[in-house]
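Structure record follows, encoded as structure tokens.
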Amino acid sequence: MTHVVVDPVTRIEGHLRIEAEVDGGVVKDAWSSSTMFRGIEIILKGRDPRDAWAFTQRICGVCTTVHAIASVRAVENAIGAKPPPNARILRNLIMASQMVQDHVVHFYHLHALDWVDVVSALSADPAKASSLAESISDWPLSSTKYFAGVRDRLKAFVDRGQLGPFANAYWGHPAYRLPPEANLMAVAHYLEALDFQREFIRLHAVLGGKNPHLQSFLVGGMATPIDPNQQASINVGTIAQLKELIAKARDFVARVYLPDVLAVASFYKDWAGHGAGVGNYLVYGEYPEDDGANPSLFLPSGVIWNRDISKIEAFDPAKITEYVTHSWYEYAGGDAKGLHPSQGETSPKYSGPQPPFERLDTSAKYSWLKSPRYGDKPMEVGPLARMLVAYGRGHSRVKALVGDVLGKLGVGPEALFSTLGRIAARAVETMVLAEKMGTWVDALADNMGRGELRIHDNDKWDPSSWPADATGAGFHEAPRGALGHWVHVKDGAIANYQCIVPSTWNAGPRDASGQRGPYEAALLETPVADAEQPLEILRTVHSFDPCMACGVHVVDPLRREVVRVRAR
């Protein structure tokens with residue numbers, strides 16, 4: 001039995017440690033530990049609930065908008081604020097654009113290098129790379145000359161010793177299977193995706209003033225003015241700009257991202273049999289299509305048990321609890337019982353080893369993440385969960401795209417419950433949203449044409465209109481999965497605040513019953529060719545797109561200076 005430690009897990013946001021026991025070339029047990037502490041909930045106590053979104057949005061610099069929307073929804077739920085239709089549409093556009101950009105960045109810049117051997121691309125034949133690219137897509141940047149240029153640029157990096165993002169990886173690992181020409185194509189698209197995401201996310205600057213950390217959210221609506229006759233508002237010119245950005249996104253996803261996923265996956269079909277995890281899936285649902293008390297959602301909510309997508313159970317917020325049995329926190333009533341987040345406590349109590357250390361005591365507390373449970377069971381959240389629920393609910397576009405992907409790969413539906421399934425689901429979701437965004441822009445333009453320009457519910461802005469004591473919950477489907485914020489407002493101030501983020505659901509440690517979290521369960525039976533270079537462990541962990549900064553923030557119990565930043 002070999003004990004493997006991956007710390008830090010790179011190409012993620014934040015700090016994650018994975019420990020695993022490998023025997024006979026496969027993982028027999030695994031533990032997921034987040035080594036940072038998040039204190040936003042403590043910081044928010046006593047503050048104006050209308051300001052909470054600005055604080056929570058700083059939980060992460062990658063997820064950015066997701067905490068803002070969950071926060072304003074939680075406060076609106078507590079005080080009874082009702083955003084007008086334009087605010088709903090603006091929020092949908094902001095959230096969907098975040099999803100599209102985030103998924104593209106994840107595949108190319110955070111996950112593709114687990115499957116693509118960059119060094120191998122140096123030996124590629126540009127003519128063969130061109131032929132391969134043209135066989136899977138009619139993307140214009142596919143000529144022999146183009147790929148020769150990419151190969152020469154890559155070689156120049158290597159010759160100068162300036163590999164940058166390509167410097168730290170297991171190049172030459174036996175688990176890499178792509179031919180050199182496929183590797184060269186993937187490297188070229190890696191570089192193109194950098195330009196795409198930078199251009200596309202201008203949508204956030206248009207609707208929110210900046211990215212990351214948009215400035216246009218408000219409890220009760222949005223602060224982005226809409227007026228066809230004002231230059232400093234969303235007007236006809238803005239609508240045209242939004243349509244142009246969205247059209248470019250549809251084109252890139254359809255002709256580059258989705259074909260690349262299929263091309264890479266075709267060499268790794270056996271990974272449809274690895275990384276299944278807990279088999280339970282949770283989705284809050286997202287993108288309200290109307291303004292009723294219970295609006296229809298473009299991506300539906302639901303719960304799947306034991307991989308049975310023929311039975312989609314309705315989501316019940318009352319069934320959520322969080323355990324701290326193996327987390328560096330304590331509950332006033334004891335650590336063996338889970339708490340609903342509306343009654344949640346954030347009382348840190350570190351009891352682990354002082355770094356650096358060789359291994360965790362996994363029989364005790366070993367992570368700064370709590371252990372969320374739904375109906376006392378671990379749940380996977382994220383793109384795979386969303387696409388499975390949408391498929392099971394009969395979402396026509398999701399069903400068509402999933403069927404197309406499975407057909408082109410020549411695999412059955414069971415392949416979805418895997419590391420490969422997460423990658424494919426993320427690409428499908430990106431395509432679905434890139435196509436849908438145009439209808440929201442049209443709806444915004446239609447409202448503008450009819451003179452419907454409202455963006456905020458002013459009736460609930462004054463705290464004197466609020467209940468003296470109220471609780472609320474705000475739910476959002478972030479790129480990485482189900483995100484929930486819970487707030488208790490008393491006498492106009494925040495009395496308690498709790499967040500359960502997607503990476504807490506997926507990366508959390510064992511609970512009081514010893515049930516593994518999704519990362520820990522997904523790693524079981526994962527093949528490991530070389531325990532000194534555990535590339536395969538990274539493949540499955542990265543397929544969830546970890547964001548530990550959302551789960552926890554850094555703290556040094558000895559109060560030492562961690563880093564000093566100086567402006568020059």
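Values below: every heavy atom of this structure, side chains too, minus hydrogens, waters and symmetry copies.
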What residues form a side chain to side chain contact (heavy atoms under 4.5 Å, CB included) with Asn211, not counting sequence neighbours? Thr64, Gln98, Ile201, His204, Leu214
For Tyr323 and Asp376, run side-chain hydrogen bond (donor to acceptor under 3.5 Å, both in side chains): C-alpha distance rounded to whole Å, both residues' side-chain angles, the deciding distance at 0.1 Å, then the answer. CA-CA 10 Å; Tyr323 286 87; Asp376 248 5; 2.6 Å; yes
Determine yes or no for a side-chain-to-main-chain donor-acceptor pair under 3.5 angstrom, with Ser367 supplying the side chain and Ser34 the backbone. yes
Which donor-acceptor pairs under 3.5 Å do side chains of residues 68-78 form with protein atoms, sequence neighbours excluded?
from	atom 1	to	atom 2	distance (Å)
Ser71	OG	Trp53	N	3.2
Ser71	OG	Tyr497	OH	2.9
Arg73	NH1	Glu286	OE1	2.9
Arg73	NH1	Glu286	OE2	3.2
Arg73	NH1	Phe475	O	2.7
Arg73	NH2	Glu286	OE2	2.9
Glu76	OE1	Arg91	NH1	3.3
Glu76	OE2	Arg91	NH2	2.8
Glu76	OE2	Gly220	N	2.7
Asn77	OD1	Ala473	N	3.0

Checking the side chain of Lys377 only, and the main-chain atoms of Asn280 only, is there a donor and an acceptor separated by less than 3.5 Å? no
Looking at Ser371 and Pro509, would you say the former's side chain and the latter's main chain have a donor-acceptor pair under 3.5 Å? yes
Donor-acceptor pair, Arg539 side chain versus His111 backbone, under 3.5 Å? no
Those residues at least two apart in sequence (or on a different chain) that pass ring pair (Phe, Tyr, Trp, His ring centres under 6.0 Å) with Trp466 are none
Check ring pair (Phe, Tyr, Trp, His ring centres under 6.0 Å) between His213 and all other residues, then give those that pass, not counting sequence neighbours. none
Atom pair CH2/CD1 of Trp440 and Ile89 - distance to nearest 0.5 Å: 10.0 Å
Give the ring-plane orientation class for Phe315 versus Tyr284, where under 30° counts as parallel, over 60° as perpendicular and anything between as tilted. tilted
How are the rings of Tyr257 and Tyr108 set relative to one another: parallel (under 30°), tilted (30 to 60°) or perpendicular (over 60°)? tilted
I'd like to know if the side chain of Tyr519 reaches the main chain of Ser503, judged simply by a donor and an acceptor atom lying under 3.5 Å from each other, with no hydrogens or angles considered. no
Pairs meeting criterion salt bridge (Lys or Arg N to Asp or Glu O under 4.0 Å) with involvement of residues 379-392, two or more places apart: Glu380-Arg422, Arg386-Glu429, Arg386-Glu477
Any Gln57 side-chain heavy atom under 4.5 Å of Pro212 side chain: no
Are any non-hydrogen side-chain atoms of Val489 and Asp469 less than 4.5 angstrom apart? no
What salt bridge (Lys or Arg N to Asp or Glu O under 4.0 Å) pairs are there with at least one residue in residues 494-514, not counting sequence neighbours? Asp29-Arg510, Arg373-Asp511, Arg510-Glu520
Using the ring of each side chain (for Trp, its six-membered ring), is His67 parallel, tilted or perpendicular to His485, with breaks at 30° and 60°? tilted
Does a salt bridge link Asp23 with Lys28, judged by any charged N lying under 4.0 Å from a carboxylate O? no
Report the distance from atom CD1 of Ile423 to atom OG of Ser543, rounding to the nearest 0.5 Å. 6.0 Å
Charged N to carboxylate O below 4.0 Å: is that the case for Asp290 and Arg88? no
Using the salt bridge (Lys or Arg N to Asp or Glu O under 4.0 Å) rule, collect all pairs that involve residues 297-307, keeping only residues at least two apart or in two chains. none
When you look at Thr540 and Thr419, which way does the side-chain hydrogen bond (donor to acceptor under 3.5 Å, both in side chains) test go after all the steps? CA-CA 5 Å; Thr540 289; Thr419 296; 2.8 Å; yes
Can you name the closest pair of heavy atoms from Ala507 and Leu369 and give their distance? CB-CD1, 3.5 Å
If I take atom CG from residue Asn506 and atom OG from residue Ser32, how far apart are they, to the nearest 0.5 angstrom? 9.5 Å
Are more than 12 heavy atoms, taken from residues, nucleotides or ligands other than Glu313, located less than 6.0 Å from that residue's CD atom? yes
Could you go through the side-chain hydrogen bond (donor to acceptor under 3.5 Å, both in side chains) check for Trp486 and Glu41 one step at a time? CA-CA 10 Å; Trp486 287 261; Glu41 294 93 338; over 6 Å; no
Is Glu19 paired with Arg17 through a side-chain N to carboxylate O contact shorter than 4.0 Å? yes
Thinking salt bridges, do Lys82 and Asp291 make one under a 4.0 Å N-O criterion? no
Say whether Thr346 and Gln498, considering side chains only, have a donor N or O and an acceptor N or O under 3.5 Å apart. yes
Output yes when a side-chain donor or acceptor of Tyr281 lies under 3.5 Å from a complementary backbone atom of Leu384, and no otherwise. no
Let me confirm one number: the SG-NE2 distance from Cys547 to His106, rounded to the nearest 0.5 Å. 11.0 Å
Just by distance, do the side chain of Tyr329 and the backbone of Trp368 share a donor-acceptor pair under 3.5 Å? yes
Any donor-acceptor N/O pair, Thr321 side chain to His340 backbone, under 3.5 Å: no
Count the heavy atoms belonging to other residues, nucleotides or ligands that lie under 6.0 Å from NZ of Lys337, then report whether that count exceeds 12. no
Lys NZ or Arg CZ of Lys436 over Tyr287 ring: under 6.0 Å, within 45°: no
Taking ring pair (Phe, Tyr, Trp, His ring centres under 6.0 Å) as the definition, give me every residue that meets it alongside His3, ordered by chain and number, with sequence neighbours left out. none
Got a second to check how far Thr65's OG1 is from Gln101's CD, nearest 0.5 Å? 9.5 Å
Do the side chains of Pro518 and Met379 get nearer than 4.5 Å, heavy atoms only? no
Non-neighbouring partners of Lys460 that pass salt bridge (Lys or Arg N to Asp or Glu O under 4.0 Å), sequence neighbours left out: none
Using the rule given for side chain to side chain contact (heavy atoms under 4.5 Å, CB included), can you reason through Val405 versus Val428, listing the C-alpha separation, both sets of side-chain angles and the distance that settles it, and then say yes or no? CA-CA 8 Å; Val405 167; Val428 166; 3.9 Å; yes
How close do Ala52 and Leu44 get, heavy atom to heavy atom, and via which atoms? CA-CD2, 3.9 Å
Going by the angle between their ring planes, with limits at 30° and 60°, are His326 and Tyr366 parallel, tilted or perpendicular? tilted
Is there a donor-acceptor pair under 3.5 Å between the side chain of Arg58 and the backbone N or O of Ala54? yes
Taking ring pair (Phe, Tyr, Trp, His ring centres under 6.0 Å) as the definition, give me every residue that meets it alongside His103, ordered by chain and number, with sequence neighbours left out. none
Applying side-chain hydrogen bond (donor to acceptor under 3.5 Å, both in side chains), can you list everything that pairs with Thr430, at least two apart in sequence or on another chain? none
For the atom pair CZ (Phe417) and CD1 (Ile309), what is the distance rounded to the nearest 0.5 Å? 5.5 Å
Donor-acceptor contact below 3.5 Å, side chain Asn496 vs main chain Gly344: yes
Residues forming a side chain to side chain contact (heavy atoms under 4.5 Å, CB included) with Asn294, sequence neighbours excluded: none
